[in-house]
Number of protein chains: 2
Amino acid sequence: MKASIEDVARQAGVSTATVSRAFSRPDMVSAKTRAKVMEAAQQLDFSVSRMAGILKSGRSHRVALLVGSSKLDWFTSRIIEGLNEVLRSAGYDLVIQPIGDAGAREEFFDELPVRGNADAVIVSSFAITPAEIRRLNTTRIPLIGINTASQGFTASVGIDDKAGIRLIVRHLTTLGHRNLLYLYETFDATMGFSSHNRVTGFLEACSELDGVTGQTMDMQAGDDPVDAALTALLARDDAPTALCFHQDSLAIPLFFRLRQCGMAIPTDLSVTGFDNSTFSGEVGLTTVRQKPYDMAVAAARKALDLIEGRTLDQPHEIFPVQLLVRDSTAAPRVRG
Amino acid sequence: MKASIEDVARQAGVSTATVSRAFSRPDMVSAKTRAKVMEAAQQLDFSVSRMAGILKSGRSHRVALLVGSSKLDWFTSRIIEGLNEVLRSAGYDLVIQPIGDAGAREEFFDELPVRGNADAVIVSSFAITPAEIRRLNTTRIPLIGINTASQGFTASVGIDDKAGIRLIVRHLTTLGHRNLLYLYETFDATMGFSSHNRVTGFLEACSELDGVTGQTMDMQAGDDPVDAALTALLARDDAPTALCFHQDSLAIPLFFRLRQCGMAIPTDLSVTGFDNSTFSGEVGLTTVRQKPYDMAVAAARKALDLIEGRTLDQPHEIFPVQLLVRDSTAAPRVRG
DNA sequence: TTGAAAGCGCTAACAC
DNA sequence: GTGTTAGCGCTTTCAA
């Protein structure tokens, strides 16, 4: 049986309050008493239980992270790293709640297991409806968004997707490309599509430029991006000379398999990604860098501030993106 | 202010005990009463706080996952997915505790924040000393290992690293390779090296075969694996004809950059990995598949059984591995 | 089937 | 600087 604070108090010949203080505010206890307490604690193999304090303080010391899928992709893994880093050292648990399908989603918002059971809710990369936000807000719990397009968050961090994709478009058109194709995976309709701004941003950036044609093509989740790309490329007479992928992970397989199809990057085709995720540097993929880890650290800090009742001087923060030009983009081949 | 169980009791005209039962054991309350309670709860926007019950039950409903690094790699991400899936639906929180460096490690084992604050501890992929295990065992908390070489766990799941790497060695030697090089990243010495069996297994498998030379080379974490591989390849006169990487992620960059160096896979060089992680299929890397998600699911189930006092019929479980032959291996070129 | 009341292990206000 | 004591919000005997 685990020793309780009373056992330690008895053993050390002090009161439970003193034991409690010896642990939580050491400087409020004389050095001598503290030593006695610590020794008794050691002997009894005692350590304070977080649960009791939590009950007392009315705080759960938990922060819920809502993610759109139970698969932890590159982005989500970085988010978890950043959040965990900050929250753990502040004594909070990070609890990952995948809201996979419409069912899980409804259940979550219905039961709202959050009420009194989490001190803050962080939503990463999925769109959430106004009704859901309102529901969440009834709990008076800080709601922080990470790369979410929606409104209504207490605080948020994110990148400017439109600005990011515009960098890509301008880079390509500066190289001489006039016919660009944007490829993205469609999502479960009920999940929302938080980075949809990237798609519309692409079209806007293209239309800003004279003589530039930008088209978009969606593929089903799970579709092979290489096959999708080839289909798009070979279907039309005015084939695009550059392919812009919604994220790096979609573009990378192209580097292996395009050669089989008699095409070389960037000679025959320029390719771009978005994220700067794993292996992007190694393959030489031109992309836009975003730093989810940094965003998560900022999000966690905001969450802590909000939980502790401090007001934020900058609740909504936009993180910079940077164009990373590498070997996958070049001037288009002159038409034969 | 959040409504308490008393508010609901008052509103519904019943006792707090009845409200509690209406939620935790609905069948112990008459349908009529239950309906009244639920309606009151709805009106007051009440839901039970897990914290109070937790305090009462003496269980924290938390499971700690100890990982060796704060970076979530492919393996660890899959582990988290599997654990979270099972634990969450059983009402447990998964708490990720990176034990990054020696300092964090010592602090952890010294303070053992686990005591009374987690119902089980799961250790993933890092070696843990007998002394640390003993320390952990003083807490009487189930200790579950995932791919840990150490002894002393209450339960464990893992693969047979030696059998896995032997598959690779036999595949290559069957193709005709006689000179193999094994490349791995060295780890912080204090971190242990849980998959060290892979290295020794490689050497053993080679020595079992006549005329086969197996060498190993370690690289510093952070070193470019391509540069390391080239160095090894160009340094010796009897250059190896096959490179075996400790994990896929180390091998993949080779596929992009080796061509620059005038070498083709598998014509000039056979390459193998281990894991079957992201992009391994796309690049055509011959590898050994392991399924961390499945192992995590099993580990979580064992943890729950142990927490709930059930005995395991198979505490230590070895998961199968499978050789995946793809395009990165072929017969060695005949020496010119 | 329901209610009264005793805790779970600690913290913090208050008294000394 | 230290002790006393009343809760935190539930669950769970025990009685009715």
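Naming: A, B, ... by sequence-line order, numbering from 1 per chain.
R140(B) pairs by the salt bridge (Lys or Arg N to Asp or Glu O under 4.0 Å) definition with nothing, not counting sequence neighbours. For K56(B), there are no salt bridge (Lys or Arg N to Asp or Glu O under 4.0 Å) partners two or more places apart in sequence or in a different chain. Listed by chain and number, the residues in a salt bridge (Lys or Arg N to Asp or Glu O under 4.0 Å) with E81(B) are K71(A), R78(B) (sequence neighbours excluded). Considering only residues two or more places apart in sequence or on other chains, Y92(B) meets the ring-ring contact (aromatic ring centres under 6.0 Å, His included) condition with H61(B). Among residues two or more places apart in sequence or in another chain, the ring-ring contact (aromatic ring centres under 6.0 Å, His included) test is passed with F23(B) by F46(B). Residues passing the side-chain hydrogen bond (donor to acceptor under 3.5 Å, both in side chains) test with E39(A), sequence neighbours excluded: Q43(A). Partners of F75(A) by ring-ring contact (aromatic ring centres under 6.0 Å, His included), not counting sequence neighbours: none found.
Contacts between residues 9-20 of chain A and DNA chain C, defined by a heavy-atom separation under 4.0 Å, are made by A17(A), S20(A). Near DNA chain D, meaning a heavy atom under 4.0 Å away, the residues from residues 31-59 of chain A are T33(A), L55(A), K56(A).
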Enumerate donor-acceptor pairs with a distance under 3.5 Å from any side-chain N or O in residues 298-307 of chain A to protein atoms, sequence neighbours excluded.
from, atom 1, to, atom 2, distance (Å)
K302(A), NZ, Q314(A), O, 2.9
K302(A), NZ, E317(A), OE1, 2.7
D305(A), OD1, R310(A), NE, 2.8
D305(A), OD1, R310(A), NH2, 2.8

Could you list the donor-acceptor pairs under 3.5 angstrom formed between side-chain atoms of residues 144-152 of chain A and any protein atom two or more places apart in sequence or on another chain?
from, atom 1, to, atom 2, distance (Å)
N147(A), OD1, I159(A), N, 3.0
N147(A), ND2, Q290(A), OE1, 3.2
S150(A), OG, I128(A), N, 3.2
S150(A), OG, I128(A), O, 3.2

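Under the 4.5 Å side-chain criterion, counting only non-hydrogen atoms from C-beta, D93(B) is not in contact with V63(B).
The nearest whole Å value for the distance from the CG atom in N117(A) to the C1' atom in dC8(D) is 14 Å. With rounding to whole Å, R21(B) atom CZ is found 10 Å from dT1(C) atom P. When the P atom of dC14(D) is taken as reference, atom CE of M28(B) falls 13 Å away, rounded to whole Å. In this structure, the CD1 atom of I5(A) is 18 Å from the P atom of dG7(C), given to the nearest Å. Atom CD of E6(A) and atom P of dT4(D) are 11 Å apart (whole Å).
Annotation: the terminal axes of the helix from dT1(C)-dA16(D) to dC16(C)-dG1(D) meet at 30°, where each axis is the rotation carrying the C1' atoms of four end pairs onto the next four (5 pairs per end, rounded to 10°).
Side-chain contact, D119(A) with S60(A): a donor N or O sits under 3.5 Å from an acceptor N or O.
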